[in-house]
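Worksheet: the structure to be examined is printed underneath.
For reference, positions follow the sequence shown, starting with 1. Note that the structure is a prediction, hence the values are computed from the model and not measured.
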Amino acid sequence: MIDVKPTVLDLFCGCGGLSLGFIQAGYRIIAGIDTWQDALDTFAFNHVDAKAIQADLFHISPQEIKQQYDINHIDVIIGGPPCQPFSVGGNQMGVMDARDGFPAFISAVEQAKPDIWMFENVRGLMYKNKNYLERIIAALEEEGYIVEYKLLRAVEYGVPQNRERMIVVGHRGNFEFPIIQTQKITAGDAVGDIAHIIDSKSKFLTPSMDMYVAKYEKASKCITPRDLHFDRPARTVTCRNLGGATGDMHRVILPDGRRRRLTVREGARLQSFPDWFEFEGKESSCYKQVGNAVPPLMAYEIAKSFRQYIDS
């Protein structure tokens, strides 16, 4: 039994949403590794006790990282290999996509041999690219792990958003996925106190953008407008619908009828980031960091299941 905080290595860590959930569940993040400097700056600012390592995981081995940065025993490996190869927006090219991070993740597990590990990805990996998922699982099973995967819905773990992510876990036996919570948190619960605040940075939809949105929603046979509805959880938060000027953009309707793009903080709240969590970089980069992140509250519930497994 581990009587100290289990140590965690976070691969493809982004801004650190997954790490934040594990920290809140009593783990010690020893390092977060990514290639994206803005995201690493955010990770370093908010996770001051962890190393923030800029490294190309496609070309450097975890053993080299351990030696270079003096990282010792790793109890847990977590991570989010780039999802673009398996997402609809990324054309689902799978193994043919240069952004495929799974060889690096598998290598890390082979070399570090953690007690338990997990990675998250889009649901597309379960369907069009299921053959590749089965190859990934087979490679990790050869290391002696029982590998299970499940589609988790963030809204069932306290996140005010209808986000679905596939969670794959490798363990030695008797692991259980987190229990679903029945109480749903709405978008109004998350951002209702700040949604109608207007300042100099507020960005409103122009009349031409309103016309484009109307045509977009008609063409896509949208029954419910894609505005933020305060009486229900939000749509999935992504880079595209936070920062992109598209018909699918998240937006708030103000009392005077105008529509405003969500701020970075509003997007972060919909992802369940606390207000003290600061994002580094330009606004476009912050939107991308928020959209790419794992919701910390969902990560927290996963981390609690990991802790039950480790402590047993």
Side-chain angles (χ1 to χ4, degrees), residues 10-21 29 31-48 50-58 79-84 87 89-90 98-99 101 122 159-161 163 187 190-191 194-206 208-209 212-213 226-228 234-252 254 258-296 299:
D10 190 349
L11 305 178
F12 306 100
C13 64
C15 67
L18 191 54
S19 280
L20 179 58
I29 307 297
I33 306 175
D34 209 297
T35 59
W36 185 12
Q37 189 59 58
D38 281 356
L40 281 173
D41 289 343
T42 297
F43 185 98
F45 184 86
N46 294 282
H47 304 316
V48 295
K51 295 182 175 70
I53 302 172
Q54 186 177 36
D56 184 352
L57 285 166
F58 300 100
C83 66
Q84 292 91 341
S87 67
R99 297 166 294 183
V122 293
V159 181
Q161 175 195 164
R163 188 186 196 92
V191 303
I194 60 174
H196 294 155
I197 295 176
I198 306 301
D199 59 29
S200 59
K201 296 181 180 179
S202 298
K203 296 182 178 178
F204 298 95
L205 274 67
T206 63
S208 61
M209 291 175 71
Y212 175 81
V213 167
R226 288 173 167 83
D227 305 299
L228 198 66
R235 294 181 290 119
T236 301
V237 171
T238 68
C239 305
R240 182 174 181 268
N241 62 30
L242 278 181
T246 70
D248 199 37
M249 181 197 302
H250 273 286
R251 62 248 173 183
V252 173
L254 299 174
R258 290 182 298 170
R259 292 194 285 191
R260 175 180 60 75
R261 175 184 293 184
L262 261 63
T263 64
V264 171
R265 180 52 56 196
E266 288 167 336
R269 282 195 182 186
L270 294 178
Q271 281 277 56
S272 75
F273 280 97
D275 283 351
W276 57 258
F277 195 98
E278 294 291 335
F279 296 87
E280 301 294 309
K282 295 181 180 179
E283 183 181 65
S284 59
S285 176
C286 293
Y287 276 131
K288 186 176 179 181
Q289 292 174 52
V290 171
N292 276 339
V294 176

Where is the tightest heavy-atom contact between [X] and [Y], given as atom of each residue plus distance?
{"X": "Leu262", "Y": "Gly267", "value": "CD2-N, 4.3 Å"}
{"X": "Ala293", "Y": "Cys15", "value": "CB-SG, 3.9 Å"}
{"X": "Phe279", "Y": "Ala268", "value": "CE1-CB, 3.7 Å"}
{"X": "Phe43", "Y": "Ala52", "value": "CD2-CB, 4.0 Å"}
{"X": "Cys13", "Y": "Gly32", "value": "SG-C, 3.5 Å"}
{"X": "Asp10", "Y": "Gly79", "value": "OD1-CA, 3.8 Å"}

Side chains of [X] and [Y]: closer than 4.5 Å at any heavy-atom pair?
{"X": "Phe12", "Y": "Leu18", "answer": "no"}
{"X": "Arg226", "Y": "Asn241", "answer": "no"}
{"X": "Val191", "Y": "Val252", "answer": "no"}
{"X": "Asn292", "Y": "Cys239", "answer": "yes"}

How long is the straight-line distance from [atom2] of [Y] back to [atom1] of [X], given to the nearest 0.5 Å?
{"X": "Asn46", "Y": "Ile29", "atom1": "CG", "atom2": "CD1", "answer": "13.0 Å"}
{"X": "Leu20", "Y": "Gln271", "atom1": "CG", "atom2": "CD", "answer": "12.0 Å"}
{"X": "Ile53", "Y": "Thr35", "atom1": "CD1", "atom2": "OG1", "answer": "13.5 Å"}
{"X": "Cys286", "Y": "Arg265", "atom1": "SG", "atom2": "CZ", "answer": "9.5 Å"}
{"X": "Thr206", "Y": "Tyr212", "atom1": "OG1", "atom2": "OH", "answer": "12.5 Å"}
{"X": "Lys201", "Y": "Thr263", "atom1": "NZ", "atom2": "OG1", "answer": "10.0 Å"}

Open item on the list: Which residues pass the side chain to side chain contact (heavy atoms under 4.5 Å, CB included) test with Asp38, not counting sequence neighbours?
Closed with: Trp36, Asp41, Ser285, Gln289
Open item on the list: Between the side chains of Glu283 and Arg261, is the shortest nitrogen-to-carboxylate-oxygen separation below 4.0 Å, so that they form an ion pair?
Closed with: no
- [ ] Sort out for me which residue in Val237, Leu242, Val290 forms a side chain to side chain contact (heavy atoms under 4.5 Å, CB included) with Leu270.
- [x] Val237
Side-chain donor/acceptor of [X] to backbone N/O of [Y], under 3.5 Å:
{"X": "His47", "Y": "Ser19", "result": "no"}
{"X": "Thr42", "Y": "Glu280", "result": "yes"}
{"X": "Arg235", "Y": "Asp248", "result": "yes"}

Quick one: side-chain hydrogen bond (donor to acceptor under 3.5 Å, both in side chains) partners of [X], sequence neighbours excluded?
{"X": "Thr236", "answer": "none"}
{"X": "Asp34", "answer": "none"}
{"X": "Arg259", "answer": "Asp210, Asp227"}

Task: Contacts of Tyr287 that satisfy ring-ring contact (aromatic ring centres under 6.0 Å, His included) - sequence neighbours left out - done: none
Task: Glu266 vs Arg260, salt bridge (Lys or Arg N to Asp or Glu O under 4.0 Å): CA-CA, chis, key distance, verdict - done: CA-CA 12 Å; Glu266 288 167 336; Arg260 175 180 60 75; 2.9 Å; yes
Task: Summary of salt bridge (Lys or Arg N to Asp or Glu O under 4.0 Å) pairs that have at least one residue in residues 268-279, sequence neighbours excluded - done: Asp193-Arg269, Arg269-Asp275
TODO: Anything under 30° is parallel, anything over 60° is perpendicular, the rest tilted; go ahead and classify Phe273 against Phe277.
DONE: tilted
